[in-house]
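Since this is a predicted model, take the numbers as computed values, not measurements.
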Amino acid sequence: MTDFNTTSDKEAPQRPTHLAYRVEGKGRSANWIKLGACWSHKDDKGFDLILNSIDKDIRLVIRRNDPATDQS
């Protein structure tokens with residue numbers, strides 16, 4: 001599993017701002033399974049999300065929906 005602390009060349013390691021879970025069940029008997037971690041972008045308009053899987057880690061980038069710049 002990935003170490004959830006990240007490092008750039010000029011910064012000290014940063015802890016994730018959010019964690020990602022898969023939740024099975026409901027209420028007090030729900031089972032929360034940690035799947036990954038999430039870091040906020042410096043501009044506060046998105047996140048980098050790292051999800052752990054059996055064969056490799058998956059990195060997703062999530063950005064605020066801005067219709068003016070949507071290119072899909």
Side-chain angles (χ1 to χ4, degrees):
M1 196 176 249
T2 297
D3 176 10
F4 289 137
N5 292 327
T6 62
T7 305
S8 74
D9 292 338
K10 297 180 181 180
E11 297 179 9
Q14 298 295 310
R15 295 183 56 84
T17 56
H18 298 75
L19 297 176
Y21 297 90
R22 181 178 80 217
V23 181
E24 297 176 347
K26 295 182 180 180
R28 292 180 184 246
S29 63
N31 186 21
W32 289 57
I33 301 162
K34 190 186 309 182
L35 294 179
C38 195
W39 290 261
S40 295
H41 289 172
K42 289 180 182 180
D43 64 6
D44 289 327
K45 293 184 180 181
F47 300 91
D48 281 350
L49 174 61
I50 305 293
L51 297 177
N52 297 125
S53 68
I54 293 171
D55 59 342
K56 63 180 176 179
D57 293 338
I58 300 166
R59 177 178 179 239
L60 301 175
V61 176
I62 301 168
R63 296 289 293 168
R64 180 177 294 152
N65 184 13
D66 184 356
T69 60
D70 186 11
Q71 297 186 8
S72 59

Applying salt bridge (charged side-chain N to carboxylate O under 4.0 Å, His left out), can you list everything that pairs with D44, at least two apart in sequence or on another chain?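 None.
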
Residues in side chain to side chain contact (heavy atoms under 4.5 Å, CB included) with R22, at least two apart?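 Testing R22 for side chain to side chain contact (heavy atoms under 4.5 Å, CB included), a comparison that skips the adjacent residues, returns E24, I33, L35.
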
Restricting to side chain to side chain contact (heavy atoms under 4.5 Å, CB included), what partner residues turn up for H41, sequence neighbours left out?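 Counting only residues at least two positions away or on another chain, H41 forms a side chain to side chain contact (heavy atoms under 4.5 Å, CB included) with D43, D48, V61, R63.
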
Of all the heavy-atom pairs spanning L49 and A20, show the shortest one and how long it is.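 Minimum heavy-atom contact is CD1-CB, 4.0 Å.
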
What closest approach, in Å, do P16 and A37 show between heavy atoms, and which atom pair accounts for it?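 Where P16 meets A37 most closely, the heavy atoms are CB-CB, 3.6 Å.
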
Nearest 0.5 Å please: distance from the CZ atom of F47 over to the NE2 atom of H18.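 With rounding to 0.5 Å, CZ (F47) is 4.5 Å from NE2 (H18).
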
